[in-house]
Amino acid sequence: MSSVLPVLCGAVLLGAPGYLMLCALDVRLCLRWGWAPAVTVLLTVVLGALFRVLGIRWTLLSAVIGIVLLVALAAVVRLALQRRTARRLTTSTSTSTSTSTSTRAGVPAPQDWSRGTAAAVTGASILSGALVAASAARRMGGISTLNGSFDSFFHLSAAAFIRERGDASFTTALSDIYGEPTFYPVVFDDLVAILPFDVITAANAMMLAMLAAIPPAVAAMVAGVSRPARSAPLLVALSAGAATLFLSTPAMALVMGLWPIVLGVVCLAPAIAAVLMLTDRRHGAPGVGTAAGLVLIVIGTALAHPSVLFSVAVVAGLRLLAGGIERMLGGGRLRGLIEVCAALAAAVLFVAGSHVLLSGMALTKPSLDGVGSVLGEILLDSPRIPAVPALLWPMAALWILAMIGATAAVRSREVRGATAALGLLASLMLGVATQIDHPLAVALVNPWYGARERIAPLMMCMLVLLMARGLLALLEPGGRRRRSLPGALAVGAVVVTVLIALVTPQRLPLMGSLAYTAYGVQLTPYVTSEERSFIERTAQELPEGSVVLADPLDGATLYWSVGGVETVFPTMSRPLTREKTLIAHYAHRAGTDEASVELCRALESVGPTHLYRDTSEASGQRINPEDSERWRGVHDIPESRLTLVDASGPYALYELDPAC
């Protein structure tokens, strides 16, 4: 199957609902398509909860109808409020306010671009995203190729559960996996569940659509917070291109299967812009409609993945700090001092709260490399994947321009530019802290699970903002000189770097293969193509009501996510209920004197009817023996309780006698 149609459907599902809602609310934001995914997340959460209460199944049809109704309701409410406001305000007052707040010194703000300019910039940002998706997909082996990473198996099962049960709410969608209502950011899984393709194709399509959405999101951020300038459309388009140079987020998507956090990254850039725009002092507070839209962007980002909200909080705190310092330098010492103290107090509370409440989130093992080597990899945004080289040239132009931008912003006493510079420094410090085994360092990075890949998107946003400011300083240095030679050379350097980086085999195309086809370079697959074929075939032959028992590291989760057959362990996580833990540890004791009453009750409750075994070199016991030990009772079920149903090489399916 061609990947174009599935990815296009994923992109429409990810962006169209939010875009329509922003239009219905008449939120005055440039490049709405970049802002839209965060609003789509919010709509998905609202509809998922509402459908749960009303007993409506989560399907593509019901979701579309729900979105249309919510958009229509928003439009009606907005029109009613506008008419009410129009009765209270005179036309002259409205015109005066509009003129004074939308332009500055005759230079158009982003919202004042012509339709042609806005369309061209939007097209350029979407094209950048399309090129990212195309480059990432080059070595995937096709849109239906299974991602071999650990986390992908969880989300394939999660999407399959939501599709089967029709429940998309935050707390109950994955009850069958966790054994009880449990909070989990399921928006990615919700969207995958209603794409009209098989689960694997739908997940891959949505993953590529999210990667394609990052350049428009970064462009929207730059358009929202950059100061008005004649070269602004060019800067925004170049910012979208620059977003294609960063590798940590593609690595999380393509290699690690951390798909919900990637959705959070898509929302991060607009959320950062929203925070900066809400605190803007240059033109007064934004209008009620725009302010409400910006708040919704931040809420949607938090719902996409909570850890991303901490990156937004870092920017908000640094904005308060930078604003306080600017006030102190400008003469408002008391208020400035209060803001600085408030920012520092918030930082202390952040660290203390993380240490107390999030101590269990430090799950990522530090790299074995030295701190200096790690810092170099952070500066180059090179993920912790040995097969991906840390190349200097793709990031060199960005860093040079960012340093120029930071210098220009500080010299001009620009609060937003200073905030971006502080944010860039903070992201580097947080990245290095992931390597330091000290309580303070651990507390700093707990919200990001101690993984520098999750912190790296913050660096991406800050670096691109400063890059755009550096380009502005070169393109419009002031006076009569408008198009300087250094500016033209800088633009050319960014364009050439982007075009070369997108096709360089060692970058995106390489990562597109590591968890899809070239397993030997990065990991051993949990399921080979032969095993997947065996599971798909035998799943179709099993009678209705069958329940498959297996070590999930043997790929048995595909019986549920691909084959639609219930499994005792639908994900590769540790057993999450007492009953399933008993089965995992002691299933081999059934029918013997060692069998406990609790074990028999567990087997009767869960009701396994078949056993799947993998004895290949890629079995769970071979590639991950320590984790596979959790299912030692399943491995040791005696042959006397098994009747062979089908076999192909090292893969076999048996009918199971529960013996209790």
With a 3.5 Å cut-off and sequence neighbours excluded, list the donor-acceptor pairs that the side chains of residues 241-256 form with protein atoms.
{"unit_1": "T244", "atom_1": "OG1", "unit_2": "G241", "atom_2": "O", "d": "2.5"}
{"unit_1": "S248", "atom_1": "OG", "unit_2": "D381", "atom_2": "OD1", "d": "2.6"}

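- A donor-acceptor distance shorter than 3.5 angstrom exists from the side chain of T301 to the backbone of I297, with no hydrogens or angles considered.
- Across L309 and A302, no two heavy atoms sit closer than the pair CD2-CB, 3.7 Å.
- Looking at L391 and W393, their side chains come closer than 4.5 Å, going by heavy atoms from C-beta outward.
- In this structure, S152 contributes its side chain and N147 its backbone to a donor-acceptor pair below 3.5 Å.
- Counting heavy atoms from C-beta on, the side chains of L268 and I272 come closer than 4.5 Å.
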Side chain to side chain contact (heavy atoms under 4.5 Å, CB included) between M429 and L444: does it pass, once the steps are laid out? CA-CA 10 Å; M429 293 174 61; L444 279 172; over 6 Å; no
Side-chain donor-acceptor pairs under 3.5 Å in residues 349-366, sequence neighbours left out?
{"unit_1": "S354", "atom_1": "OG", "unit_2": "A443", "atom_2": "O", "d": "2.5"}
{"unit_1": "T364", "atom_1": "OG1", "unit_2": "Y449", "atom_2": "O", "d": "2.7"}

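- The heavy-atom pair separating P394 from R507 by the smallest distance is CG-NH1, 3.4 Å.
- Counting heavy atoms from C-beta on, the side chains of V186 and F170 come closer than 4.5 Å.
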Check the pair M395 / L463 against side chain to side chain contact (heavy atoms under 4.5 Å, CB included), numbers first and verdict last. CA-CA 10 Å; M395 303 297 292; L463 191 59; 3.9 Å; yes
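- When all heavy atoms of M459 and L428 are compared, the pair lying nearest together is SD-CD2, 3.7 Å.
- Under a 3.5 Å cut-off, the side chain of T40 and the backbone N or O of G18 do form a donor-acceptor pair.
- Note that CD1 of I385 and CD of E453 are 7.0 Å apart. Values are rounded to the nearest 0.5 Å.
- T122 OG1 to W33 CH2: the interatomic distance, rounded to the nearest 0.5 Å, is 10.5 Å.
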Given side chain to side chain contact (heavy atoms under 4.5 Å, CB included), test F188 with V262 step by step and report yes or no. CA-CA 9 Å; F188 171 83; V262 177; over 6 Å; no
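- The SG atom of C341 lies 10.0 Å from the CG atom of L321; values are rounded to the nearest 0.5 Å.
- For the residue pair S149 and D151, no side-chain donor N or O sits within less than 3.5 Å of a side-chain acceptor on the partner.
- The two residues P260 and P185 make their nearest non-hydrogen contact at CB-O, 4.2 Å.
- Distance check, rounded to the nearest 0.5 Å: CG of L474 to CG of L489 gives 9.5 Å.
- Between the CG atom in L398 and the CE atom in M403 there is a gap of 10.5 Å [rounded to 0.5 Å].
- Remark: the N204 side chain and the Y516 side chain contain an N/O donor-acceptor pair separated by less than 3.5 Å.
- The minimum heavy-atom distance between V225 and L465, with the atom names listed, is CG2-CD2, 3.3 Å.
- No side-chain heavy atom of W448 sits under 4.5 Å from any side-chain heavy atom of I261.
- In this structure, the side chains of M21 and L42 stay at 4.5 Å or more apart for every pair of heavy atoms.
- Between the side chain of R452 and the main chain of T434, no donor-acceptor pair closer than 3.5 Å is present.
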Quick one, C267 with V41, criterion side chain to side chain contact (heavy atoms under 4.5 Å, CB included). Give me CA distance, side-chain angles, the key distance, then yes/no. CA-CA 9 Å; C267 302; V41 170; 4.1 Å; yes
